[in-house]
Each structure stands twice: as structure tokens, then as C-alpha cells.
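Working notes, beginning with the structure itself.
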Amino acid sequence: MSIKITFPDGSVKEYPQGTTLANIASAISPSLRKKSVAGVVNDELVDLNRPIESDATIRLVTTDDKEAWEVLNHSTAHLLAHAVKRLYPHALFWVGPVVEEGFYYDIDLGADSLSEEDLVDIEKMMNQIVKENIIIERVELTKEEALAQFKGDPYKVDLIENFEEGTKISAYRQGDFIDLCRGPHLESTGQIKAFKLLKVAGAYFKGDANNKMLQRVYGISFFKKEDLDKHLLMLEEAKKRDHRKLGKELGLFMISEYGPGFPFWLPNGMILRRELEQFWYDKHMQEGYQLIQTPIMLNRQLWEVSGHWENYRENMYTSEIDEMEFAIKPMNCPGGMLVYKHTLHSYKDFPLRIGELGLVHRHEASGALTGLFRVRNFTQDDAHIFCREDQVIDEVTNLIRLFDYFYSVFNLSYHIELSTRPEKYIGTIEVWDKAEKALAEACKRGGKEFKVNEGDGAFYGPKLDFKLRDSLGRIWQCGTIQLDMKLPERFDLTYIDADGERKRPVMLHRAIYGSIERFIGILIEHYAGAFPLWIAPRQVDVIPVNPELHSAYAEKVNEILMSNKIRSHVDLRDEKVGYKIRESQVKKVPYSIVLGDKEQEENLVTFRHYGDTKQVTVPLDEFISMLKAEIQNKGK
RNA sequence: GCCGACUUAGCUCAAUCGGUAGAGCAACUGACUUGUAAUCAGUAGGUUACGGGUUCAAUUCCUGUAGUCGGCACCA
């Protein structure tokens, strides 16, 4: 019997029934066979040695493919488990999936725990198993057989019990180690060549904090040693961009032991902040926003009305004033509600856009705090928009354009997630569906792709989240657009419609930077501390060649620059030019200018741009207009 | 909050087996008078995160607390 195999290019060839991808690859060429790791048979990713019993469309997966990398990492996860089992015979294993950054395995070691040092021994054992070049074979079991095979292992039994009766359960065996797995896998442990265990951490069983904590070992694997080295080097490079490191080196911010999670802004960081705020104010004025500032602290009763006292209490700081309980605001909206209610509103004023750079405080878990990314007080670039229901799509479309504008100024790439109705929600399903559709429609109109994040909406409404990455690849939410179906009701907000009736407005919460702190953290890493001119804390370093001869001219140039609102500093210290240039470069100042006899005589400056060794001499006036233009167009 | 690691001068890091802390940079002083990534010399700088314990002796071992880092959970 022969079967017809269709290849990706559409060609069809006959092979004996029961052939394997390995055979097919060999028949084409030995080098293809060597590069092949797995294959896709009728859209299913399978092992190379899985027999093909009937006509099929196939594609070979080679080491160049993303899927092959995943297979490799999956097999490396098994290798890790195998090694751990040898070193810790009592170890029990939960799951070991492939993730973006490699793989991990969750392990129960009973009373034992792993430290980074232990990873070295585990790696050694893994290399030993690689050397033994053990064949990896697929085993198919019925549910009963699987239960018998893994009897005594509560974790595997837990997994097996979740399979439907009658399904084929696969496991993979390498020597004396066997693990449940969908596969596919490499053909033998010897094919794993370049891997590294990266970190060990605790992780709750099934991701639930009420459960036992397992030990999670992270690692990554590549087909080539050089790819692994490249990856490790990249991780090292990424650490140099870490905003916590750069924040210290560049004098941007600090966090004291006396206030964990409460950042202090240092003079240089303050300049970043003020530039971002000014930019934000200017743009929002243009966009027809009105600005307010609401109090940091308000009476408990307000938080009861808003529902925060009930739903957000454990994250709120409280205090007492004149025997009354007050809470420090964790969000700006309730204050905004009071402002709305302060006057009567007409549909003619809609959409009513009210913005606030509001400082909020939240009691975040101690273990969650991370530099500027996760803090206990931060400034949200908040705005609340009140409108009629029929204005929502237009307004959200408008917001998406505005968000895109802000991010594009910084060349930041982002992705959007639409978070939909969670299990705990208020309102009716119809209204939710309508609201979710409105947000999706606005994305479509704005020409933006989005990912649906099922069930992750706030209890009061669905939202669009704008997510950015830090230098280590971690994803942080910055911008957000949230439809609120609760607060207008709780605060009994109304407006007078065209028919003279009082009606309930729809409210949107939105923040573009999200938190100024987090956004600056992202910017520091994005630019690796070398900020574009318009936000650079110091824009120009003025360096006289000989302090005795050129100080007067240097000071004059510095003053002229400063009077042109350019952040300039003159370095009159008794040091060589090279020393001062180095320092200027280390501090990532955009322009270093050197002034000597020639410049002094003809009113010139010789500048070099950060990261560039080229020297350019121009008249002072020209230099100033060049800088002003660069500041004006924000480096675009 | 949970698991693990870490905390030494302003910064980056040393200190053998438990024997009482050292370097570079920065700072300060002086000399040098400088043309594009570190001039030379000197001075000062420490309750080794904080508390308790073991010991003749603790940066080192044990322990409690705080903070930081990596994850998890949380958050968004």
C-alpha cells in the first residue's frame, strides 16, 4: 500500500504506508534529514518517527523554524526534569512548558529547595544525560494505563484525571525517565547542545496563592552554542539599560529604604518629568481638555459611594482627621465625579473631557515593587470623558489616535489588548456586549490590531490596554481606556439631553502615559539613558580648552544658550579636554561643545553629538537655531 | 504576601579556614595649563543594613527584622 504525500509547494509524491517524516526527509536529502526536528502532518505538529498511515499534507520543521526551537526547549525541559530526578529521586513534577524566554519546569522537592548554586550541578547532570544520548520515545496510553503508570504521583494523576475518558494520552520516555507530554520531542537527548539554566524561583501550584509553592527552574536552549552565547550577551546588554541602574548613574531618581515604593525625583529626573508633563498639558489643551486637580485625601464616605471602600480597601492608606476616617486616593475618579456633579451639564458640552495629572497612592504588595515600574505612589495622566452613548465609538477612536501620537513621538512600539467581561461584573450582559463591541469597533476604525484578553476587564466595564515592553522584555501596561458602567450610576451623574430630560452619561477613564513614573522607566530603558534633546536633563556641555584663556567665552556661550532656554552647563574645572569630554559622554549629554582660540575669535562653537566622534564647527547663532529646531520637532 | 538569593566607603567591587576591612572611580588639597573618552601626588572617607546569639575572637557561623534582586501571586 502506498499513500500520497502533499508537500508545501503543492507537489505530491507516493510513499509506502506507515512511512515517517524521517524517512521522507532522508529520501529528499541527508542534509534535510539532519536539519529536521519535527514535522507538521495535516496541521498537527508531530515527531519525526510518527508513522503516517494515510494520504497527508506535510511540512518538515527544521532547526531554522520557530516550532523547532519550541520542540528543542520542550525536550530540554524534559532533560532538566530527568536530571533533577537523578539528583533528587523524590522529586515530583508538575508542568514544564515552553515560554517566550525558553522553558521552565515546576517541581515539588518536598523539604528540599534549590538555590542558584544547585543549578550548576543540575546542568552538569543534564550534560551527562546529553552525553549518554538516550533515545526519546513516544508512548501512547489509555487513561487507565496512564493512571497505572503514574500511580503515586499526585501531580500526574491530577493531570490525567482532567483528560476525557477514551482519549489517547501520550507520554515520552527517555531511559528510566518518563513524563506525560503532548510532544513532539527531539529523537534523542544527544541533540540538545546549547542550553543554560537561568533562574530558580517559587511558583504556586496551578498559579493559586492558596496552594503549595513549587520550585520553578527557568532555562533556555538553542541549536547552536553561538545562539545561546548571543542570547546571554543580549541579556547582559539589557541589564545595562535597566532604568534602576541608569536612574542611579544619571541622577534621575532614588528610592529610600525609608519609603519602599515611594520614589524621590532628583533634579535630572525632575526635568524629564516636567518636560513630559508640559508636553502632555500642551497637547491636551489643543485637544479640548479641561484640567483639574483633586485632593489627595478625601472622606471615607466618598469611597463608600464609589465602591472603593468595598472593593479596594486593602490597597488604600487611611488616616483620621477630626475623628473622621479619611483615605488617600488610590484613583482619581471619585474626585472627578465630584467635580462633574458640581455643575449642571448639557449634551451640548459633550464629549466633556476633564484631565488631571493626579498623584495616587496604592498599597502594593512588598514583593511586587520594582524600580519605577511598580511603585506605591505615582502620577496618573488621567482623564474622564463624559458623553452620550452614541458618541463612544467616535471618542474612543479619537483617543486611539491620540495615544498613537504620544507613543510615536517616543518611537515606542506597543500592542493593544481588549479586556472583556470578567466573572464578577456589574450591569447586564447586553450592555457589556455593546460596550465591548464599541471598543473593538473603535480599534478597527483607528486601524489598530488588538488581542482579546478574555474575562480580564474591570468589574465595572471593559477596557483597552496599551502594553509596552521594558529592556528585559517584560510587558507593562501603560495606557488604558476604560468604559465605566458603574460610577455614573453610583454618583447619580446626569446631563440634560436635547429633549430636556435628565439622562445618565457614559463615562470613559483613560490614561496615556499610564503612570508618569512607569512611563519614564520605560523611556529610560528605551533610550538607554541617551534621551532625545527635548527631554535630555542636560542638553549641552560647554568645555573650554584652557580654563585660563577661554573661560570668559565659555561662560558667555553658556549664558546665551541658557537665555535661549537650552539646558547648558559650563565645565570650568582644571581638567584636560579629554577628561571633560569623557564625562560628558558618560552622562550621555546630547551635545558637547569645545571652545578654544579659534572659536573665541570668530564667535564659533565646535560640537560633537553624543555617541559620535565627528567634530563640527559652526557659528554660535547657527548652533542655537539648530538646537531649537531639534527641540521643537522632538527629534523627529 | 510567598519561594530563593543578596546587603562591605558616595559608586563598582575585594577580604583564604572565624583572627578585627582593602582597591579603583568619585570627593577634598596641591602641582600641571590642558584641542575631543580618564595628568600626577597627597588627604579624608566604614557601628561591614539593623538587632540578638555562639565564640577568646564574627564582614565571615546561627537567628530575628528591614530593604534590594529574580520569579510567583497580586495589580493594571
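Quantities reported herein were computed from a predicted structural model and do not represent experimental measurements. First the proteins, then the strands, lettered A, B, ... as listed; each starts at 1.
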### Task
Look at the side-chain N and O atoms of A:Arg362 and state whether any lies under 4.0 Å from the OP1 or OP2 oxygen of B:C75.
no

### Task
Go through the structure and list residues passing salt bridge (charged side-chain N to carboxylate O under 4.0 Å, His left out) with A:Asp229, not counting sequence neighbours.
A:Lys225

### Task
Check every strand shown and say whether A:Ala201 touches a base, only sugar-phosphate, or nothing at a heavy-atom separation below 4.0 Å.
base

### Task
For nucleotides 32-42 of chain B, just jot down a letter per nucleotide in 5' to 3' order: B, S or -, based on protein non-hydrogen atoms under 4.0 Å.
BBBBBBBB---

### Message
Categorize A:Arg474 for me: base, sugar-phosphate, or nothing, with a 4.0 angstrom heavy-atom threshold over every strand shown.
### Response
sugar-phosphate

### Query
Across the strands shown, which category fits A:Asp456 at heavy-atom distances under 4.0 angstrom: base, sugar-phosphate, nothing?
base

### Message
Any salt bridge linking A:Lys239 with A:Glu236? Criterion: basic side-chain nitrogen under 4.0 Å from a carboxylate oxygen.
### Response
yes

### Task
Using the six-membered ring of A:Tyr610, assess whether NZ or CZ of A:Lys588 lies under 6.0 Å from its centre and within 45 degrees of the ring axis.
no

### Message
List the residues meeting ring pair (Phe, Tyr, Trp, His ring centres under 6.0 Å) with A:Phe466, not counting sequence neighbours, and say none if there are none.
### Response
A:Phe403, A:Tyr414

### Residue mapping more 5' on RNA chain B - nearest nucleotide basis, A:Tyr218 or A:Arg518
A:Tyr218

### Summary
Taken in chain and number order and not counting sequence neighbours, the residues that satisfy ring pair (Phe, Tyr, Trp, His ring centres under 6.0 Å) with A:His284 are A:Trp280, A:Tyr289, A:Phe406

### Query
A:Gly207 near the nucleic acid: base, sugar-phosphate alone, or nothing, with a heavy-atom cut-off under 4.0 Å?
sugar-phosphate

### Task
Under 4.0 Å from any atom of RNA chain B, heavy atoms only: list the residues of residues 101-110 of chain A that qualify, in numerical order.
none

What are the atom names and distances for every N/O pair under 3.5 Å that joins the protein to nucleotides 10-17 of chain B?
{"residue": "B:U12", "atom": "OP1", "partner": "A:Lys248", "partner atom": "NZ", "Å": "3.3"}

### Query
Does A:Arg374 get its side chain close enough to the base of B:C74, under 3.5 Å, for a donor-acceptor pair?
yes

### Task
With sequence neighbours left out, write down each residue that passes salt bridge (charged side-chain N to carboxylate O under 4.0 Å, His left out) with A:Lys212, or none if nothing qualifies.
A:Asp108

For a quick test of your reading: what N or O donor-acceptor pairs under 3.5 Å do the side chains of residues 252-261 of chain A make, sequence neighbours left out?
{"residue": "A:Ser256", "atom": "OG", "partner": "A:Tyr258", "partner atom": "N", "Å": "2.8"}

### Query
Separation of A:Glu364 atom CD from B:C2 atom P, in whole Å?
17 Å

#### Entry: No-hydrogen, no-angle side-chain donor-acceptor test under 3.5 Å, A:Thr370 and A:Arg474
no

### Query
Does A:Gln482 or A:Val200 map to a spot on RNA chain B nearer the 5' end, using the closest nucleotide for each?
A:Val200

### Query
Hey, where does RNA chain B pair up into stems, meaning at least three consecutive Watson-Crick or G-U pairs with distances under 3.5 Å?
B:1-7 with B:66-72, B:10-13 with B:22-25, B:27-31 with B:39-43, B:49-53 with B:61-65

### Task
Output all residues satisfying salt bridge (charged side-chain N to carboxylate O under 4.0 Å, His left out) with A:Asp158, sequence neighbours left out; order by chain, then residue number.
A:Lys206

#### Entry: Test salt bridge (charged side-chain N to carboxylate O under 4.0 Å, His left out) applied to A:Glu101 - qualifying residues, sequence neighbours left out
none

Polar pairs (N or O, both sides) under 3.5 Å between protein and nucleotides 7-9 of chain B?
none

### Query
What nucleic acid atoms does A:Ile543 come within less than 4.0 Å of, heavy atoms only: base, sugar-phosphate, or nothing?
nothing

